[in-house]
Trainee: 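What follows is a single structure, and I will ask about it in a moment.
Just so you know, ligand 1 is whichever comes first in the structure, and atom 1 is the first atom listed for that ligand.
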Amino acid sequence: MKIADAKVIVCSPGRNFVTLKLTTADGISGLGDATLNGRELAVASYLNDHVLPLLAGRDARRIEDTWQYLYKGAYWRRGPVTMTAIAAVDMALWDIRAKSLGVPLYELLGGASREAVLVYGHAGGATIDDTVAAVSRFLQQGYQAVRAQSGIPGLDATYGVGKAKGVYEPATKDAPQETAWSSAMYLNFVPELFARLRKEFGPGVHLLHDVHHRLTPIEAARLGQALEPYHLFWLEDPVPAELPDGFRLIRQHTTTPLAVGEVFNSIYDCQQLLREQLIDYLRATVVHAGGISHLRKIAHLAELFHVRTGCHGATDLSPVSLAAALHFDLSIHNFGIQEYMPHAAATDEVFPHAYRFREGMMHPGDAPGLGVEIDEAKAAAFPYQRAYLPVNRLLDGTLHSW
Ligand code: CS2
Ligand code: MG
């Protein structure tokens with residue numbers, strides 16, 4: 001089962017995506033997501049200029065060997081661009097293998113460990129009242145878990161709250177949007193948001209919140225303590241994730257569960273946080289953490305330390321990633337929750353898929369492989385448009401994490 005053709009498809013149906021398509025000599029094709037929001041062409045070039053020339057003629061069944069060949073063979077290991085490119089190859093090879101055997105991918109990952117996977121949606125509002133209304137809409141759609149983000153009085157914009165109605169898309173064409181931030185205003189406000197949400201919806205709904213890398217450890221400890229009465233499902237990215245020791249300080253002060261890892265790209269980013277049980281959910285994802293092969297290793301390590309998965313699943317991860325994540329989620333033992341932001345209609349047209357949402361849960365479907373395809377003719381109608389994630393500054397102009 002030799003790889004006979006490999007191509008990178010860059011398109012922008014609603015937002016930019018990079019997709020790898022591998023095809024074997026006997027005509028079986030597989031897809032991998034290679035999207036790195038704001039730096040898409042770096043991965044497209046890494047694949048086109050350095051990886052694809054190495055794949056022709058390789059046995060598509062040798063998934064682990066190909067992973068090691070691309071990881072160790074590059075000499076320069078790890079990093080978001082490298083690991084996203086390797087992830088795309090890995091996803092495509094798993095897709096091909098499962099298709100060649102006529103089974104949905106999860107059957108090759110140990111089979112289903114559950115009937116379906118719990119997902120959470122993104123509710124956001126300019127005010128607490130708007131956020132309450134948004135959470136209510138998600139509950140009416142059947143969601144059992146909802147992430148709540150609200151505008152902060154005194155700040156023009158904040159993470160997770162879109163301006164226009166519809167799909168929240170933070171990337172802007174040609175230049176980053178600049179936003180202003182005050183941790184003091186945020187810290188004084190967020191407990192009020194969750195006090196109101198618990199008052200409105202009671203104790204049974206899973207409520208999540210994403211701090212989005214913006215606090216110092218002691219500020220995050222304060223927030224975790226202040227939110228304890230509202231028993232969040234998790235508090236995400238409380239601090240920038242480069243310094244694992246920062247989580248040790250937070251852990252000393254609060255029982256609010258912590259989630260981190262959507263920016264992680266290898267097991268080495270995760271291992272100290274896991275070994276020291278400094279977090280409760282790991283957000284590493286199939287597209288940015290080396291694919292299904294590597295993410296399984298990360299999940300197995302996490303299992304030793306009572307850490308569950310909570311894979312990233314924003315709309316800048318394509319339906320190929322979501323499909324792969326759902327197969328992974330269905331099969332691993334220490335599954336926690338899956339982020340689910342429905343893609344734009346144009347995206348779903350380009351990427352027809354088998355996965356389905358029902359009563360707050362999702363299932364990848366039982367189509368052979370990942371259960372997702374790309375309509376190349378439709379993709380060609382949506383050419384790439386350079387776009388950037390926002391840049392965030394403190395009120396005095398100091399650059400801060402977005
Ligand atoms: C966010 C992401 O979904 C999340 O948890 O952190 O939406 C993140 O802002 C984007 O994926 C960045 O591209
Ligand atoms: Mg996040």
Side-chain angles (χ1 to χ4, degrees), residues 12 14-18 33-43 80-81 83-84 87 119-124 134 138 143 145-150 157-163 166-173 176-177 179 181 186 190 206-215 220 223 232-242 247 257-265 269-270 273 279-289 309-322 325 336-344 347 386-392 400-402:
S12 192
R15 66 165 342 278
N16 291 320
F17 296 110
V18 180
D33 186 15
T35 306
L36 188 64
N37 198 357
R39 295 297 183 271
E40 297 87 357
L41 297 187
V43 183
V81 173
M83 299 308 283
T84 299
V119 297
Y120 72 89
H122 280 198
F138 275 89
Y143 283 83
V146 186
R147 191 191 78 174
Q149 307 290 137
S150 173
T158 190
Y159 166 71
V161 181
K163 283 257 184 275
V167 178
Y168 169 62
E169 175 49 69
T172 50
K173 301 208 177 350
Q177 175 196 7
T179 58
W181 175 254
Y186 170 77
V190 171
H206 294 309
L207 293 174
L208 302 85
H209 183 66
D210 191 347
V211 184
H212 219 261
H213 325 279
R214 299 186 180 196
L215 299 179
L223 180 60
L232 268 61
F233 185 93
W234 79 32
L235 187 65
E236 177 186 344
D237 282 331
V239 294
E242 295 96 315
F247 286 82
L258 303 176
V260 71
E262 67 182 55
V263 296
F264 288 171
N265 52 74
D269 292 334
C270 315
L273 290 168
I279 59 172
D280 303 278
Y281 295 92
L282 189 59
R283 300 264 292 139
T285 183
V286 66
V287 59
H288 299 132
T309 65
C311 290
H312 186 205
T315 41
D316 48 286
L317 285 58
S318 88
V320 178
S321 269
L322 182 54
I337 197 166
Q338 170 66 47
E339 178 176 6
Y340 175 49
M341 279 181 83
H343 289 96
T347 304
R386 181 175 289 108
Y388 293 92
L389 282 169
V391 163
N392 200 22
H400 196 65
S401 300
W402 172 70

Trainee: With rounding to the nearest 0.5 Å, note down the distance linking CG in Asn265 to OG1 in Thr285.
Mentor: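 Taking CG in Asn265 and OG1 in Thr285, the distance rounds to 12.0 Å.
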Trainee: Check for a donor-acceptor pair, side chain of His212 on one end and backbone N or O of Trp402 on the other, with a separation under 3.5 Å.
Mentor: yes
Trainee: What number of protein N, O or S atoms occur at distances under 2.8 Å from the Mg ion (ligand 2)?
Mentor: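 Near the Mg ion (ligand 2), the number of protein N, O or S atoms below 2.8 Å is 3.
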Trainee: Main chain of Cys311, side chain of Thr309: is a donor-acceptor contact present, judged purely on distance under 3.5 Å?
Mentor: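 Not at all, since once roles are kept as given, no pair shorter than 3.5 Å links the two residues.
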Trainee: Consider side-chain hydrogen bond (donor to acceptor under 3.5 Å, both in side chains). Of Thr35, Asn37, Asp316, which one does Arg15 pass it with?
Mentor: Asn37
Trainee: Counting distance only, does the side-chain N/O of Asp237 pair as donor-acceptor with the main-chain N or O of Val211 below 3.5 Å?
Mentor: no
Trainee: Tell me, please, which residues at least two apart from Thr158 pass side chain to side chain contact (heavy atoms under 4.5 Å, CB included).
Mentor: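 Applying side chain to side chain contact (heavy atoms under 4.5 Å, CB included) to Thr158 gives Ile152, Val161, Trp181, Arg214.
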Trainee: Once salt bridge (charged side-chain N to carboxylate O under 4.0 Å, His left out) is applied, do any residues pair with Asp269, and if so which ones, sequence neighbours excluded?
Mentor: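 Here no residue qualifies.
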Trainee: Would a distance-only check, ignoring hydrogens and angles, find a side-chain to backbone donor-acceptor pair under 3.5 Å from His209 to Ala148?
Mentor: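 Answer holds: yes.
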Trainee: Strictly under 4.0 angstrom, heavy-atom based: which residues surround ligand 1?
Mentor: Asn37, His122, Arg147, Tyr159, Asp210, His212, Glu236, Glu262, Arg283, His312, Ala314, Asp316, Glu339, Leu389, Trp402
Trainee: Is the backbone of His400 close enough, under 3.5 Å, to the side chain of His213 for a donor and an acceptor to pair up by distance?
Mentor: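 Checked: no pair found.
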